[in-house]
Number of protein chains: 2
Amino acid sequence: MLNDFPLTLKKLNLKITPKRLAILEILMKESVYLSPGEVWKKMKKRFKRIGLPTVYRNLEELSEGNIISEVTHPNRQLYYYFCQNRSHHHHFICLSCRKVEDINFCGLNELEKEVTKKIKGKLLSHIMQVNGFCRHCLNKKEKYFDS
Amino acid sequence: MLNDFPLTLKKLNLKITPKRLAILEILMKESVYLSPGEVWKKMKKRFKRIGLPTVYRNLEELSEGNIISEVTHPNRQLYYYFCQNRSHHHHFICLSCRKVEDINFCGLNELEKEVTKKIKGKLLSHIMQVNGFCRHCLNKKEKYFDS
DNA sequence: TAATTAAATAGAAATAATTTTCATTTAAAT
DNA sequence: ATTTAAATGAAAATTATTTCTATTTAATTA
């Protein structure tokens, strides 16, 4: 998977830079979603000089290229997650441990007809995300449960 | 509708303050979603002294009470919208004029079974929102189309 | 392989968004 | 009218994001 990155970046007309690859690697190895600031902290361990704008820019580009995807957390920050599944899908996110699991079922197809009929406009995108606690956290009763 | 506000607030154990009512009124009369900063600007026209934290606090409380609801805009700010429909539903938002239309169909019920089966955790909430251009903006070819 | 060029980056600073703290005011219960 | 807890303003702190510009670097070309 890691070996595919250069090719993938090339397709998106993004240069293959060590930092870009490192960001991808970090997100891929984490099984949880990270905020730009968190990615930056991890990057600083590898590169003495790495600017926050670089992280923001890359996350945005990679997200536009659908290599990573965005997750909306109730605390209103945006987070990024490395997407195993590059095709259209949605996410279950664990509010406790931040784990993301792909949902490969999209009820939006049926909805689309309904909405188009009603709106009579143009549908461009949609956000669908299910929030909860994963099985593991449910048993451990961590974090959110304590407070 | 406006007359119902005091009762509604009472049910939520929120005091009926002029500012709280004004925020509700502003959101109700706008047919588009507004950011906290925008609500604040409108409030300043009515109240010479109104702090931004007051607006933030109120929007959050009202949103928790389900009197208004949140909308996620691609530019990553949160916006608020006065909800005609207090029961469970979703939104179509126009990326051009910011109009919000309720979608009274929720494909999540079916999805829920699928997800629960796969996740084996606890589902708490979900976000579903359809983004696009409304019929009106599609004809006018405004804003987003120009650039 | 060296030269070229356009994209990527650092660094600093600006801007924007959100939250905290605390003293004061006010709604509503008594 | 008095009391009390919630709501508010003001100022500041914090956090998040973007902009700008000079420099560096990846990748193309000669």
Side-chain angles (χ1 to χ4, degrees), chain A residues 5-26 33-65 67-68 70-80 98 147, chain B residues 5-26 33-65 67-68 70-80 98 147:
Chain A
F5 287 161
L7 190 62
T8 313
L9 292 179
K10 209 158 248 171
K11 276 185 200 153
L12 296 172
N13 285 316
L14 293 176
K15 286 186 180 170
I16 298 156
T17 69
K19 281 162 190 170
R20 194 164 271 151
L21 288 172
I23 289 178
L24 273 176
E25 199 185 324
I26 285 169
Y33 53 86
L34 299 173
S35 70
E38 289 165 338
V39 173
W40 184 53
K41 270 179 215 142
K42 285 177 188 292
M43 286 293 281
K44 278 198 292 190
K45 288 180 187 162
R46 300 202 197 178
F47 305 88
K48 16 180 190 312
R49 298 175 162 211
I50 164 81
L52 196 41
T54 300
V55 172
Y56 271 92
R57 251 183 282 112
N58 273 292
L59 290 174
E60 196 174 329
E61 289 157 350
L62 296 171
S63 173
E64 276 169 9
I67 310 191
I68 63 177
E70 295 180 349
V71 151
T72 302
H73 203 269
N75 83 351
R76 17 204 98 174
Q77 232 194 312
L78 261 198
Y79 293 88
Y80 292 89
R98 296 189 180 186
S147 57
Chain B
F5 287 161
L7 189 62
T8 312
L9 292 178
K10 206 159 250 171
K11 276 184 199 154
L12 296 173
N13 286 316
L14 294 176
K15 288 187 180 172
I16 299 156
T17 69
K19 281 162 193 170
R20 193 163 272 152
L21 289 172
I23 288 176
L24 273 176
E25 200 185 324
I26 285 169
Y33 54 86
L34 299 174
S35 70
E38 289 165 337
V39 173
W40 185 53
K41 270 179 215 142
K42 285 177 188 292
M43 287 293 281
K44 280 197 290 191
K45 289 180 186 163
R46 300 200 198 179
F47 305 89
K48 18 186 187 310
R49 298 176 164 212
I50 165 80
L52 197 41
T54 300
V55 172
Y56 272 91
R57 253 183 278 115
N58 273 292
L59 289 174
E60 195 174 330
E61 289 157 352
L62 296 171
S63 173
E64 275 168 10
I67 312 190
I68 63 177
E70 294 180 351
V71 151
T72 301
H73 203 270
N75 81 352
R76 16 202 98 174
Q77 232 194 313
L78 260 200
Y79 293 87
Y80 293 89
R98 293 189 182 187
S147 57

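Numbers restart at 1 for each chain; the letters A, B, ... are given by sequence-line order, proteins then strands. Just so it is clear, the values below take in all heavy atoms, side chains as well, and ignore hydrogens, waters and symmetry mates.
- Regarding B/Glu60, its CD atom lies at a distance of 10 Å from the C1' atom of C/dT18, rounded to whole Å.
- Under a 3.5 Å cut-off, the side chain of A/Arg20 and the backbone N or O of A/Lys15 do form a donor-acceptor pair.
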With sugar-phosphate taken as primed atoms, P, OP1 and OP2 and all else as base, the protein-contact string of nucleotides 3-10 of chain D at under 4.0 Å (heavy atoms; B, S, -) is --BSSBBB

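- Ranking D/dA27, C/dT18, D/dA16 by closeness to the A/Tyr56 side chain, first place goes to D/dA16.
- Atom CG in A/Leu62 sits roughly 10 Å away from atom P in C/dA8 (whole-Å rounding).
- Judged by distance alone, with hydrogens and angles left aside, the side-chain atoms of A/Glu38 form a donor-acceptor pair with the main-chain N or O of A/Ser35 at under 3.5 Å.
- Here the closest non-hydrogen pair linking A/Phe5 and A/Glu25 is CE1-N, 4.1 Å.
- Taking every heavy atom of both residues into account, A/Pro36 and A/Tyr56 meet most closely at CB-CZ, 3.7 Å.
- For the pair B/Pro36 and B/Ile16, both in contact range of DNA chain C, the more 5′-proximal nearest nucleotide belongs to B/Pro36.
- For the pair A/Met43 CE and C/dT9 C1', the computed distance is 11 Å after rounding to whole Å.
- Checking each of A/Asn58, A/Val39, A/Leu59 against A/Ile68 for a side chain to side chain contact (heavy atoms under 4.5 Å, CB included) leaves exactly one that passes, namely A/Leu59.
- For the pair B/Lys44 and B/Trp40, the cation-pi criterion (under 6.0 Å, within 45° of the ring axis) is fulfilled.
- The bend of the helix from C/dT1-D/dA30 to C/dT30-D/dA1, defined by the angle between the axes of its first five and last five pairs, stands at 40° to the nearest 10°.
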